[in-house]
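These notes are about the structure you will find just below.
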Amino acid sequence: MRRTALGLGLTVLAAGAASAGPLDAYRDRARVLVLSAPDAGDAQFRAQRAALASVRAGVAERDLVVLEAVGSGAEARALRERLGLPADSFRAVLIGKDGGAKITEAAPIAPQRLFATIDAMPMRRTEMRERR
């Protein structure tokens, strides 16, 4: 499992964070988009990453972290198991700050749909009011 800051490179999550639960460190702090693919060459995985790279400011503004469960490593398997995702095909899952899955798709999710879904969330609406 890898965490990406879209354009800032990939970093492997600390082992302690993974052992506590692959999503626990983000609860109440960030929204998480999990990208799961059998390998890094998966066309849908690459398309989703490219779509997100073009909207970095919107990703950051919405406290969205991207986690990648790619391949068959232990951390990728743990994240897939936690979300009930298959290992042999692409999936994208949006997790809210409350820890609940908001969107699960077998194809890339358009950034506009991600942002509209996030912007409709009660916690996000509060954030937007407070930033005014």
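Just so you know, these numbers use all the heavy atoms, side chains as well, and skip hydrogens, waters and symmetry mates.
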Indicate the atoms forming the closest heavy-atom contact of [X] with [Y], along with that distance.
| X | Y | value |
| --- | --- | --- |
| Pro38 | Phe90 | CD-N, 4.2 Å |
| Val93 | Ala101 | CG1-CB, 4.1 Å |
| Gln48 | Pro108 | OE1-CA, 3.0 Å |

All side-chain contact (heavy atoms from CB on, under 4.5 Å) counterparts of [X], not counting sequence neighbours:
| X | result |
| --- | --- |
| Ser89 | Pro86, Arg91 |
| Arg131 | Glu61, Asp63, Arg124 |
| Arg125 | Met128, Arg129 |
| Ala30 | Tyr26, Val65 |

Approximate separation, where rounding is to 0.5 Å, of Asp119 CG and Arg62 CZ: 4.0 Å
Contact between [X] and [Y] at the side-chain level, heavy atoms closer than 4.5 Å - yes or no?
| X | Y | result |
| --- | --- | --- |
| Ile103 | Leu33 | no |
| Leu83 | Ile95 | yes |
| Met121 | Leu94 | yes |

N/O donor-acceptor pair under 3.5 Å between Arg80 side chain and Ala69 backbone: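 Side chain of Arg80 to backbone of Ala69, a donor-acceptor pair under 3.5 Å: yes, one is there.
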When the side chains of residues 109-117 are checked against the rest of the protein, which donor-acceptor pairs come out under 3.5 Å, sequence neighbours left out?
{"unit_1": "Arg113", "atom_1": "NH1", "unit_2": "Glu105", "atom_2": "OE2", "d": "2.9"}
{"unit_1": "Arg113", "atom_1": "NH2", "unit_2": "Glu105", "atom_2": "OE2", "d": "3.2"}
{"unit_1": "Thr117", "atom_1": "OG1", "unit_2": "Arg113", "atom_2": "O", "d": "2.9"}

Listed once per pair and sorted, the salt bridge (Lys or Arg N to Asp or Glu O under 4.0 Å) pairs that draw on residues 27-47, sequence neighbours left out: Arg31-Glu127
